[in-house]
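Data block below; observations after.
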Amino acid sequence: MEIGFKLGANVPSGVFALHAVIAVVFLGLAGLNGANGETVGLAIYLAMAGMISIVGVVAGRIVSRR
């Protein structure tokens with residue numbers, strides 16, 4: 001999958017990694033909500049994790065162009 005920049009020891013990768021870590025936290029929260037049977041919380045946290053991941057890719061691509 002081409003995400004618009006090369007992964008490695010560079011600033012775009014750092015931006016993406018930061019967003020990925022935050023997305024993993026929200027995935028963990030979604031897992032807790034799912035385990036407790038709270039489907040609304042599960043859906044909200046999954047959506048937030050997905051949007052944060054997408055923002056990480058977009059921000060990494062913007063940073064790599066500058």
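Clustering ILVMFWY residues whenever any of their side-chain heavy atoms sit less than 4.5 angstrom apart, transitively, puts L18 in the very cluster that holds L29. The cluster map of Ile, Leu, Val, Met, Phe, Trp and Tyr, joined by side-chain heavy atoms under 4.5 Å apart, puts F26 and L42 in different clusters. Note on I62 and I54: same hydrophobic cluster, where clusters join Ile, Leu, Val, Met, Phe, Trp and Tyr whose side-chain heavy atoms are under 4.5 Å apart, directly or indirectly. Hydrophobic clustering of Ile, Leu, Val, Met, Phe, Trp and Tyr side chains at less than 4.5 Å, counting indirect connections, keeps V21 apart from V11.
When all heavy atoms of G56 and V15 are compared, the pair lying nearest together is O-CG1, 4.4 Å.
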Which atom pairs, one a donor and one an acceptor, fall under 3.5 Å between side chains of residues 43-53 and the rest of the protein, sequence neighbours left out?
| unit_1 | atom_1 | unit_2 | atom_2 | d |
| --- | --- | --- | --- | --- |
| S53 | OG | A49 | O | 2.9 |

